[in-house]
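The structure under discussion appears below in the form of structure tokens.
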Amino acid sequence: MKALSALDVGAVADAAAVSRVQLDAGSISARLDRIPASRPVWRVVVLISLGLFFELYDLFLTGYVTPGLVKAGILSGKAASLSEATSLWNFFELLFSGRASFIAALFSGLFIGTACCGFLADRFGRKAVFTYSLLWYSAANAVMAFQSTAFDVNLWRFIAGIGIGVEIVTIGSYITELVPKHMRGRASALSQAIGFLSVPTVAFLSYLLVPTAPLGFDGWRWVVLIGAAGALVIWWVRRQLPESPRWLAMQGRVAEADVIVTRLEKKVREETGKDLPPPEPQQIGPIVKDERFGDIWKPPYRQRTIMMLLFHIFQTVAYYGFANWVPSLLIKQGITVTTSLGYTSIIAIAAPVGPLLGMIIADRYERKNVILAMAGIIVVAGLAFSQQTAMAGILAAGLTITLAANTLSYTYHAYQAELYPTRIRARAVGFVYSWSRFSAIFTAFILEYLLNHTGVTGVFLFTSTCMVITMLAVGLLGPRTTDVALEKLSQ
């Protein structure tokens, strides 16, 4: 009889240990949480993050192609004024043909996608919704690239926004549930770093293409179509991904979850050459297939929901107030379109650096405290940016804002997904997150008004005040979540 290797003996003993634990949602979670940070786990995170790359490319192209839409005469660079309109109808025509309308169209779609469609990932699974939402918005953007009126461009931007909103909610829940508790922060940071590589990509492409018309086709259209090409790779990505075992277990499909976790455990043993520690059984309530969305207004979730609503309503003012308006802010200061896009391309390089640096502090420091620190840096750097006219000052302040904002982004995406139970995670996160999209709809018009009437300083005074409100909400109402089991946070 062939002798078993030490690794084989470890695997047999590990399987026996697992078999002594009742196969239920708690045991599935316990087995996932004891898996070390290793190549098989990171590979899954990277695959999901490829979808995030295309999502953020699409989200952030808004600010970079807007000058091109204005240059092409599709959008107006002037804010609508009731005193200048010939009629109320004319005022609305002007309102919805300005720069702000393009941003508002996107965030209107994002609001619908996050608020009304988050339940799809809870109902049909993370993998399927991850796939089809990406295909949805890629197709919508491809159509938008061939439109020539403000109404048609904004309509297809709105339709694309619905798909992006669904994708945003799904990715956060997907990664949170697939990785063990001790690496949730780092996994979110890596995912955001890969996703934010799209920002310098879209910035650089816009710098090259937006001021020109290659082959007689407006540069902004090329930028949009390049992003839409993400649909071509999603089928390959989808084949490589497992469904969330935690979601399967909470649906009562424990046997399917067991197969996925067992396969992952085998890959980790082969990769590390070590035995896995025995799982620590986690006590969770009975499986409830009814989503019971109203639970977010009951303890312990009510305070968390109020906190995240306040956070999202106001943080988006500062975050997207800079990300979507920085080229226009620079143009307002007398810098040309080409030069402003050059500056923003340099600033955008910092986008993936924030999450990469964040991997050093992720899971070491409490996520709540990181959010507070980054928000404070954004306030100071934002006010400094408003006073800069020289290249060095603009770049220094802009790079600081970008680093802090994207560290804040990966942190709160991980944080909000930890606050709710698996059975309603995507829908609950979608609901609270949707308020940032709702806020951004009106923020676009407010910032355009402030930019035209109070200048860059007025814009940053407004955004800084909003960021201070987010700090108060998280500081006073937010729980601690770092290295705490998801099931314990749900009790």
Side-chain angles (χ1 to χ4, degrees), residues 24-30 32-33 114-115 118-119 121-123 126 168-170 172-185 187-188 244 246-247 249-251 280-315 362-363 365-372 375 408 410-436 469-491:
D24 57 14
S27 68
I28 294 295
S29 180
L32 282 171
D33 280 345
T114 52
F119 76 94
D122 288 330
R123 183 75 54 82
R126 314 317 192 199
I168 289 172
V169 174
T170 304
S173 299
Y174 207 176
I175 290 180
T176 296
E177 294 169 6
L178 276 171
V179 303
K181 65 180 181 180
H182 58 81
M183 59 176 288
R184 287 198 302 260
S188 179
S244 162
R246 284 186 169 97
W247 179 81
M250 293 306 297
Q251 295 296 309
E280 300 177 2
Q282 298 176 5
Q283 299 297 321
I284 65 173
I287 293 174
V288 181
K289 292 188 178 180
D290 181 5
E291 295 167 354
R292 292 198 293 186
F293 176 66
D295 285 352
I296 69 168
W297 298 110
K298 299 177 182 178
Y301 309 117
R302 179 171 56 208
Q303 180 170 304
R304 302 175 188 182
T305 299
I306 293 171
M307 180 264 295
M308 290 308 301
L309 287 177
L310 290 171
F311 175 81
H312 279 304
I313 287 172
F314 292 102
Q315 69 84 18
D363 300 314
Y365 300 98
E366 172 55 45
R367 275 182 269 286
K368 171 181 175 178
N369 296 337
V370 174
I371 290 172
L372 294 174
L408 173 71
Y410 93 76
T411 306
Y412 85 67
H413 274 89
Y415 188 63
Q416 67 184 2
E418 296 170 324
L419 299 178
Y420 299 99
T422 299
R423 60 189 168 82
I424 61 168
R425 178 169 290 115
R427 190 172 182 181
V429 169
F431 173 74
V432 296
Y433 193 56
S434 70
W435 287 90
S436 71
I469 295 174
T470 70
M471 294 173 67
L472 292 172
V474 174
L476 297 175
L477 302 176
R480 294 176 175 271
T481 64
T482 300
D483 200 28
V484 180
L486 291 177
E487 287 67 28
K488 185 174 181 179
L489 285 167
S490 298
Q491 294 174 358

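What you see is a predicted model; the values in this text were computed from it and never measured. Just the heavy atoms: all of them, side chains too, but no hydrogens, waters or symmetry mates, feed the values below.
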- Task: Would you check, one step at a time, whether the test side chain to side chain contact (heavy atoms under 4.5 Å, CB included) holds for L178 with R126?
- Result: CA-CA 10 Å; L178 276 171; R126 314 317 192 199; over 6 Å; no
State whether the side chain of [X] and the backbone N or O of [Y] hold a donor-acceptor pair below 3.5 Å, judged by distance alone.
| X | Y | result |
| --- | --- | --- |
| R184 | V484 | yes |
| W247 | D122 | yes |
| R304 | L419 | yes |
| T305 | I296 | yes |
| Q303 | G478 | no |

- CA sep, side-chain torsions, deciding dist, call: K368, V474, side chain to side chain contact (heavy atoms under 4.5 Å, CB included): CA-CA 7 Å; K368 171 181 175 178; V474 174; 3.8 Å; yes
Heavy-atom pair with the smallest gap, counting every atom of [X] and [Y]:
| X | Y | answer |
| --- | --- | --- |
| A362 | Y410 | CB-OH, 3.7 Å |
| A473 | L310 | CB-CB, 3.8 Å |
| A121 | A426 | CB-CB, 3.7 Å |
| L372 | G475 | CD2-N, 3.8 Å |
| A414 | R367 | CB-CD, 3.9 Å |
| T176 | A417 | OG1-CB, 3.2 Å |

Would you call [X] and [Y] a side-chain contact if the rule is heavy atoms closer than 4.5 Å?
| X | Y | answer |
| --- | --- | --- |
| Y301 | P421 | yes |
| Y412 | V370 | no |
| S29 | L486 | no |
| P479 | M307 | yes |
| N369 | R480 | yes |
| L32 | P180 | no |

What distance separates [X] [atom1] from [Y] [atom2], expressed to the nearest 0.5 Å?
| X | Y | atom1 | atom2 | value |
| --- | --- | --- | --- | --- |
| L408 | F311 | CG | CZ | 5.0 Å |
| H312 | T114 | NE2 | OG1 | 9.5 Å |
| D483 | K181 | CG | NZ | 5.5 Å |
| L309 | S436 | CG | OG | 10.5 Å |
| L477 | R302 | CG | CZ | 12.0 Å |
| S173 | R246 | OG | CZ | 12.0 Å |

- Should the ring pair Y433 and H413 be called parallel, tilted or perpendicular, given that the plane angle runs from 0 to 90° and is split at 30 and 60?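 The arrangement is perpendicular - the two ring planes meet at more than 60°.
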- Task: May I have the step-by-step check of side-chain hydrogen bond (donor to acceptor under 3.5 Å, both in side chains) for T422 and R425, ending in yes or no?
- Result: CA-CA 5 Å; T422 299; R425 178 169 290 115; 3.0 Å; yes
- Start with the C-alpha gap between I306 and W297, add the side-chain angles, then the distance that decides, and say whether side chain to side chain contact (heavy atoms under 4.5 Å, CB included) holds. CA-CA 9 Å; I306 293 171; W297 298 110; 4.3 Å; yes
- Query: Do D295 and R427 meet the salt-bridge criterion of a basic N to acidic O distance under 4.0 Å?
  - Reply: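 So R427 does not pair with D295 through a salt bridge.
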- Query: Just checking, any donor-acceptor pair under 3.5 angstrom between side chains of T470 and Q315?
  - Reply: no
